Amino acid sequence: MFSASVFAAEHWAFQPLRPVRAAGVDEFIQQKLKEQGLKGSPRADARTLIRRATYNLTGLPPTAEETEAFVHDAAPEAYPRLIERLLASPHYGEQWARHWLDVARYSDTKGYVYAREEKHWVHATPYRDWVVRALNADMPYDRFLLLQLAADQVAPPKSPDLAAMGLLTLGRRFLGVTHDIIDDRIDVVMRGTQALTVACARCHDHKFDPIPTRDYYSLYGIFQSSAEALVPCAAGEDSQLAELVKKNRDLMAKRREEQMARTRARAADYQKALTELDKYPEQGFDQIIDEKDINPFIVHRWKAWAEAHPGVELTEEALKKADSPAYVPEEHIANIEMYFPTGVITELWKAQAEVDRYLLKNSTAPEHATLLVDRPLPSTPRVLLRGNPLTKGDEVPRQFLSAFGKQQPFTKGSGRLELAQAIIDPRNPLTARVMVNRLWQHHFGRGIVSTPSDFGKQGGAPTHPELLDWLAQRFMDSGWSLKAMHRLMMLSETYQQDSRASDARDPDNRLLSRMNPHRLSFEEARDAWLTAAGNIDLRLGGRPAALFSAANTRRTLYAEVDRENVPAVMRTFDFANPDLSIPQRTETTVPQQALFGMNHPFVVQQARALVQRAAASGADAARIRFIYRELFQRDPTRGELASGLRFLADDQTALITESDHSQSWQYGYGEWDESTGRVKDFKDLPHFTGSAWQGADKWPNAELGWAQLTATGGHPGNDRKHAVVRRWAAPASGAYDIHSILIHEPKAGDGIRGFMSHSRLGKLRDTRLHGSTADLSLTAIEFQKGDTLDFIVDIGDGLNSDQFLWAPKIVPSPSTTGAGGDMPREAWDAEKDFAAVPQSQLNAWEQLVQVLMLSNEFMFVD
C-alpha cells in the first residue's frame, strides 16, 4: 500500500518521514532562533510552571498546597516528577479527551430529527467515557484509531472497546440522507487522522490537492458497504430491556416480510417502472409513500440489479435472494427506512425509540454502542458526477488514496478494517505527523503546522519541518505513546520558557523565543471557578447534565452538548461547533463574555461560596490571603492586601440610578382554593433555564409536569393542584392600577381558568378562556406595603393545549403620584422585570472575589 519508492504526490505532507537526528526538541528550536538572530527566554518561575503544566495536562488549577510544595522543592527532578504526577492523574484523560472530542464533532444529540425518532444518542456517553479511559491508560494511538474505525472486527462482543466507534456514528442524522451521512464520516476520518480535506472531492477533483473524485467515491463505497448496529458494550442483563428489544426485533421482522411480499407481488409493476423512471425520483426524501404506491427507492434498486444482470429474468425464486431488489436487509431502521411506506417507517422508529429511551433513562441498563458493521454484500461504488446521485459515472474500487502511489483494492468485506490499517501503517507519513502536530498545538498554542486539520497545499507550511518529522518518528518508535510525547515536549527548555519577553522580529512568536500565554477555555474557567468555590464534583464518567442545572457541579466535560441548541454561553466563549470536526477553537474577545462574568448567577454563586470558605480564616487580612491562594495559588502582595482592606473598609451600597423592580415578583405554583379565593400553599418554581421558571432541567418533568412561567406567559401544570402563579408584592402602601390581558389562543383542548387574588381582599377577578382573550384590568386597588397580588392559571377540565399569554403591568393610581400628577409613574412590568433571581447588590467581599475571578491573572496562564 505504501511500497512505492516515490509517492505519487510531491507535496511535503505526502512524502515519507525524513530521517533526522537530534538530542531533543530544543536543538531544532534553538537552530531556527539562531538563524534569525534571536534568543530564547529564561526559565519561568516555579509557580508559573506548575500552573502551566497542571492546566495543560488536567484542565484544572493546582491546589495552593501543591504549588507551595513545588515552589520550595529545589531538587533537579522536581519538575519531571510533577509531569509524571499529572500524567498519572485521572483528570489528564478528561482534559485531552475534550481536545479529541472537538475533532470528533462530539454531541449528545443528533441534531434536528423527525418527532418519531429519539433525539439523544444512546451511545454518546459510552463513547466520551471510552475516550477518557483510553487516554488515561495511554492506549497506543494506532490502537486508539483502529478501534474507532473497526472495533466491530477487532474487539469481542460486549467489549467496552466497541464504544470507540462513536467517532463514526455520532455525527448529524441529516434527516436520514445517506449521502450526507457518509460525507460526514469521510470528512471526520480524513481530516481527523490525515489532515486532508477529502470531502472537497465529492463533486469534482480537489482543486488544490492530489485527491481526485475517484478517491472520494472509493472511500464512499467503504461506508456505503457498512451499516449501523446498536449492540451492548458492557456485560449484564436487563429483562425489561430484553423484552423491548425482542418486541422491536419481532416487529421489524414482520414488517420486512410484508414489504418483501408486497414487492414480489408487484414485480411486473416494478419492471414497467423501469420504462418511466422520470416518475420515480431517486432522492424523494420528502415523499409520502403509501403501501399501494410504487416505491422509488426500490425502482432504482431494480434498475441497478437489471444493469448488473443484463438479460437475466427476475423469477419468483430469484426475488427471494439477498441480492435481489425485493430483499430488505435485516438491519437497524436507520439503514433501511427507505424500503418502507411512510406509516411503517414511523411505526418502526417509534419502536426503536422505546428501546433508546429505556437505555437513556435507566442507569442500570448495560451501556450500548452504535457500530458500523460490514454488510454481507459490499457495494461497488460509482462516481456521482458533480455529486449528483442521479448521474452515475464509472465504477471505482474501494481502496486508499492514490496520492500515496498505486493502491490495491480492498477485499475484506466493506474494506473498513483495511482502511484503518492503511491509516495506522507506520509507512503512512500523515498519521503520526498530524497527531504530534495536534499535541504541539495544545502545548505551545500553535501547531508546527498552523492548520492542524489541513496539511494540503492550502494549509500552512510547517515552521520546523525537521522537528515535525523527528517528533513523528519518535512517536512511532515509542509505541505510539501519547504520554511519551507529552514528556518529550513538556520537559524541553522551550516549554519551560518565560512568556513575558518579546521580540519585534518575531511578533507572532512563530519561532518560540518565549512561551505563549494560554487563555482558559470556557470549560477550564468554569471548572476553575467551581474548584476555587470548593463546589466541584470530580467524579469521572456518567451521563450528561444541563450546563447550569442547580445540581450540576461536575466538570464541564460532562455538560450536555445539544447539537441543535448549544447553550448561548458556550457559543459566546468559542465552544467547538458539534456539527463539524473542529481542529482548533477560535479565540474571540467580546462584551458578552464580560457580561456573563459580571451578571450570571453561576459566577455569583461561586463568588459567594468562596467568600463563605474564606470566613473561617478569621481576620480580614487572613481571609484575603485565603482567597488569593485559592484563586492564584499565591499570597497577595503587600499592595494588593492593602488595596483589598481599603476596599472592604469603604463598603457602601452602590447607588441605583434606575428602579429595580425584579425583586417585586415571585414565580411559583399551588392549588386554587375556591372557598377562600386564594392559592393554597404557594411554592416557588425551583429551576430557571435562562428564559423560564419550571420544575427541573427537563420540561415537562416528573414532579411538576408542564408547569412553566416565562416573561410573557406560561403553561399550567398537569392538574389543578399545580396551577402556575406569578406573584407581585406591593413595595409601598397606596392604590394601584392593574393592566391585565389574559390570552388563550389554541382551539384544541378545553381551555384554561384564570384568577387574580389579593392577599387581604381575596379573589378580585376570574375567567375561563378557550381560544379567546379576557381583559382583567382593575383600577385603584388598595394595597398595604407587603400585600401580594397573584395571577393564577390552571387547566380547564383536562390537560390539552393550555399554554397562555399573560404579562400584567402595575402602576400607582394617578391620585398617588404626586401633586397634580406631575411626577412620572413607576411601572412594574411582568415582561421587563422578568429575571432569574431578584437583582441584588453584592456585598464588598463578594464584589472583591468576583473581580478577582474575572481578572487576567485568573483567566490567563503564562
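Please read all numbers here as calculations on a predicted model, not as lab measurements.
Below 30°, between 30° and 60°, or above 60°: for Y127 and Y106 the angle between ring planes is below 30°, a parallel geometry. Note on ring orientation: taking the six-membered ring where Trp is involved, the planes of H600 and F596 are tilted (angle from 30° to 60°). The aromatic rings of F573 and F522 are tilted relative to each other, their planes meeting at an angle between 30° and 60°.
Dense packing is recorded around CD of E674, with more than 12 heavy atoms of other residues, nucleotides or ligands lying under 6.0 Å away. No more than 12 heavy atoms of other residues, nucleotides or ligands lie within 6.0 Å of NZ in K809, so this atom counts as exposed by the packing criterion. Remark: Q592 CD is packed, more than 12 non-hydrogen atoms of other residues, nucleotides or ligands lying under 6.0 Å away.
Between the side chains of E118 and Q352, not a single donor N or O lies within less than 3.5 Å of an accepting N or O. For the residue pair Q606 and N535, a side-chain donor N or O sits within less than 3.5 Å of a side-chain acceptor on the partner. Side chain to side chain, S772 and H744 fail the donor-acceptor criterion of an N or O pair below 3.5 Å. A donor and an acceptor atom, one from each side chain of W121 and T370, are nowhere located under 3.5 Å apart. Between H91 and T58, the side chains place no donor N or O within less than 3.5 Å of an acceptor N or O (distance only, hydrogens not considered). One side chain, T109 or D562, offers a donor N or O that lies under 3.5 Å from an acceptor on the other. In the model, E94 has a side-chain atom that pairs as donor or acceptor with a side-chain atom of Y558 under 3.5 Å. Residues W665 and D833 bring a donor and an acceptor atom of their side chains to less than 3.5 Å of each other. A donor-acceptor contact closer than 3.5 angstrom is absent between the side chains of D684 and Y669. Remark: the D673 side chain and the S675 side chain contain an N/O donor-acceptor pair separated by less than 3.5 Å. A donor atom on one side chain and an acceptor atom on the other are found under 3.5 Å apart for D527 and T556.
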Next on the checklist: Pair L799, H715 - check side-chain contact (heavy atoms from CB on, under 4.5 Å), show working.
Outcome noted: CA-CA 10 Å; L799 179 68; H715 195 295; 3.9 Å; yes
Item to check | Check against salt bridge (Lys or Arg N to Asp or Glu O under 4.0 Å), R98 and D102 | outcome: CA-CA 6 Å; R98 183 63 264 174; D102 284 2; 2.9 Å; yes
Next on the checklist: Applying side-chain contact (heavy atoms from CB on, under 4.5 Å) to R173 and I181, what does each step give before you reach the verdict?
Outcome noted: CA-CA 7 Å; R173 278 283 295 131; I181 292 171; 3.7 Å; yes
Next on the checklist: Quick one, M853 with V849, criterion side-chain contact (heavy atoms from CB on, under 4.5 Å). Give me CA distance, side-chain angles, the key distance, then yes/no.
Outcome noted: CA-CA 6 Å; M853 279 182 162; V849 170; 4.2 Å; yes
Next on the checklist: Run the side-chain contact (heavy atoms from CB on, under 4.5 Å) test on I810 and D737 for me, step by step, so that the C-alpha distance in whole Å, both residues' side-chain angles and the decisive distance to 0.1 Å come before the verdict.
Outcome noted: CA-CA 6 Å; I810 302 169; D737 294 347; over 6 Å; no
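The main-chain N or O of W672 is never found under 3.5 Å from a side-chain atom of R678 such that the two would form a donor-acceptor pair. The closest donor-acceptor contact from the side chain of E846 to the backbone of V604 lies at 3.5 Å or more, if one exists at all. With hydrogens and angles ignored, the 3.5 Å screen pairs no side-chain donor or acceptor of N552 with any backbone N or O of F548. In this structure, D790 contributes its side chain and I792 its backbone to no donor-acceptor pair below 3.5 Å. Under a 3.5 Å cut-off, the side chain of N701 and the backbone N or O of E703 do form a donor-acceptor pair. Side chain of R726 to backbone of L789: no donor-acceptor contact under 3.5 angstrom is found. Side chain of S757 to backbone of G677: a donor-acceptor contact under 3.5 angstrom is found. Checked by atom type and distance alone, the side chain of S777 never pairs as donor or acceptor with a backbone atom of H739 at under 3.5 Å. D787 contributes no side-chain N or O that, together with a main-chain N or O of F783, makes up a donor-acceptor pair within less than 3.5 Å. Judged by distance alone, the side chain of D797 and the main-chain N or O of D750 form no donor-acceptor pair under 3.5 Å.
Shortest non-hydrogen contact noted between I582 and N577 is CG1-O, 3.5 Å. Across all their heavy atoms, G717 and V724 have their closest contact at N-CG1, 4.5 Å. Pairing each heavy atom of P232 with each of L162, the nearest pair is O-CD1, 3.8 Å. L547 and P567 make their closest contact through CD2-CB, 4.3 Å (heavy atoms, listed as atom of the first residue, atom of the second, distance). Summarising the geometry of W699 relative to A707, their closest heavy-atom pair is NE1-O, 3.6 Å, with the distance given to 0.1 Å. The shortest non-hydrogen separation linking P578 to S107 is CB-CB, 4.0 Å.
A salt bridge links D250 with K246: the closest approach of a Lys/Arg side-chain nitrogen to an acidic carboxylate oxygen falls below 4.0 angstrom. Under a 4.0 Å N-O distance rule, the pair K683/D681 qualifies as a salt bridge. Taking 4.0 Å as the cut-off between side-chain N and carboxylate O, R585 and E523 count as a salt-bridged pair. For E671 and R720, the salt-bridge test fails: no basic side-chain N is under 4.0 Å from an acidic carboxylate O.
A 4.5 Å side-chain heavy-atom check between L540 and N136 finds at least one atom pair inside the cut-off. Between R128 and L101 there is a side-chain heavy-atom pair separated by less than 4.5 Å. The closest side-chain heavy-atom distance from I536 to W529 is not below 4.5 Å. Looking only at side-chain heavy atoms (C-beta outward), V725 and L709 stay at 4.5 Å or farther from each other. Annotation: side chain of Q708 is in contact with side chain of T710 (closest heavy-atom distance under 4.5 Å). Side-chain contact check for I743 versus W806: every heavy-atom pair is 4.5 Å or farther apart. When side chains are defined from C-beta on, L359 does not count as touching E367, because their heavy atoms never get closer than 4.5 Å. Proximity of V793 to D802: side-chain heavy atoms (C-beta onward) are nowhere separated by under 4.5 Å.
Of the options R753, K721, K680, a salt bridge (charged side-chain N to carboxylate O under 4.0 Å, His left out) to D794 is made by R753 and by none of the others. With Y667 as the fixed residue, the ring-ring contact (aromatic ring centres under 6.0 Å, His included) test singles out one of F834, W728, F682: F834. Just one residue in the list R116, E337, E117 forms a side-chain contact (heavy atoms from CB on, under 4.5 Å) with T346, and that residue is R116.
The line from CG of L371 to NE2 of H332 is 11.0 Å long, rounded to the nearest 0.5 Å. With values rounded to the nearest 0.5 angstrom, I738 atom CD1 is found 6.5 Å from L764 atom CG. Here the straight-line distance linking atom CD of Q694 with atom CG of L685 works out to 8.5 Å at 0.5 Å rounding. Taken from CE in M570 to CZ in R526, the straight-line distance is 9.0 Å, to the nearest 0.5 Å. We find the CG-NE2 distance between D719 and H722 to be 5.5 Å, quoted to the nearest 0.5 Å. Once rounded to the nearest 0.5 Å, the distance linking CD1 of I333 with CD of E347 reads 10.0 Å.
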